[in-house]
Amino acid sequence: MAPWGYEKDNGPAHWHKDCPIANGKNQSPIDLINGEVKYDSGLKPLTAKYVPFSDAKFLNNGHSVQFQPSAGNGSELTGGPLAVKYNFEQFHFHWGNNDTEGSEHRVDGKMYPAELHFVHWNSTNPSFKDAVGSGGPNGLAVLGFFLKVGAENAALKPITDLIPKVKDAGTSVTVPSNFDMQAILPATLTDYYTYDGSLTTPPLAECVKWIVFKQPLEVSAAQMEAFRSVINRDGKPMGGNYRPPCPLHDRAVKTSFK
Ligand SMILES: O=C(O)Cc1ccc(OCc2ccccc2)cc1
Ligand SMILES: [Zn+2]
């Protein structure tokens, strides 16, 4: 199979051939149906402590644009449904070619124009890749933020301003060391959905504690257009780099809010 992607000939319907877990019972993303979620008063806010990175790249890997530090620097996530500390690994985006599509998770069937994922790995493992292969749903913790079109997002502007420099697959650029990743996050990380799931791209490992925030972040129309100018490995617009929702099977989706 050609390297996986989101086109007709290599998209989500093909992924099971290389990754049979694609048809597993704990796959992501899912449609978050408010009538079927269960409030859990034990779900406390999350705490993300992000330290500015001195050496990080913003890159186009052919299927997303991704902020990737060269090494850990003590940036970590704790609290919420998490039993231990998770180390920050990377963040990346999924988006559509118009404002009616683009997010991976959906809420009562509604898609947002984009979704931002902050990926963290369970610090009881020696590395990110070990955490992916550690078995069970506690290897990674991914924070999902829906993006909707509205005011310009000043915290994401240093990143969206770099997009023209990574228009083509395989390109990357150094991110200025004064980039403040913490500023992207809302002040309090309180209202979220959480469930056990998987990577939403191959290898589709079922190793993820998903934490999807109810409140979307806003980005301007110009910032959305910047994402839509990105080109994938086949020279086509990368927009549409989202996997459709997967069956919930017998999983529960819990909420930290009523
Ligand atoms: O945020 C997501 O879409 C989930 C997700 C998180 C991490 C991820 O890493 C891909 C990867 C996993 C193992 C080895 C190499 C690369 C792939 C998908
Ligand atoms: Zn993602």
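Order of appearance sets the numbers: ligands from 1, and atoms from 1 within every ligand.
Contact atoms of ligand 1 toward Lys129: 14 (C), 15 (C) (distance under 4.0 Å to a heavy atom of the residue). Counting the atoms of ligand 1 from 1 in the order shown, those under 4.0 Å from a heavy atom of His94 are 3 (O). Remark: ligand 1 atoms within the under-4.0 Å shell around heavy atoms of His92 are 1 (O), 2 (C), 3 (O).
Both the sub-6.0 Å distance and the 45° axial angle are not jointly satisfied by Lys148 relative to the ring of Phe146.
The nearest protein atom to atom 17 (C) of ligand 1, hydrogens excluded, is given as Thr201 OG1, 3.3 Å; this is a heavy-atom distance. Counting only heavy atoms of the protein, atom 8 (C) of ligand 1 lies nearest to Leu199 CD2, 4.1 Å. In this structure, the protein non-hydrogen atom closest to atom 3 (O) of ligand 1 is Thr200 OG1, 2.7 Å. Closest protein heavy atom to atom 9 (O) of ligand 1: Phe128 CZ, 3.6 Å.
Between Phe91 and Phe67, the distance from one ring center to the other falls under 6.0 angstrom. Taking the six-membered ring where the residue is Trp, the centroids of Tyr50 and Phe118 are separated by under 6.0 Å. Taking the six-membered ring where the residue is Trp, the centroids of Phe257 and Tyr192 are separated by 6.0 Å or more.
Put simply, the angle at the Zn ion (ligand 2) from NE2 in His94 to NE2 in His92 is close to 100°, to the nearest 10°.
Side-chain contact of Asp168 with Thr171: a donor-acceptor pair under 3.5 Å is absent, judged by distance alone.
Per residue His117, closest N, O or S atom to the Zn ion (ligand 2): atom name ND1.
With Phe93 as reference, Phe227 is the one residue of Phe145, Tyr242, Phe227, Tyr112 to meet the ring-ring contact (aromatic ring centres under 6.0 Å, His included) rule.
Counting non-hydrogen atoms of other residues, nucleotides and ligands closer than 6.0 Å to NZ of Lys49 gives a total above 12.
Distances from ligand 1 to the non-hydrogen atoms of Glu89 include no value under 4.0 Å.
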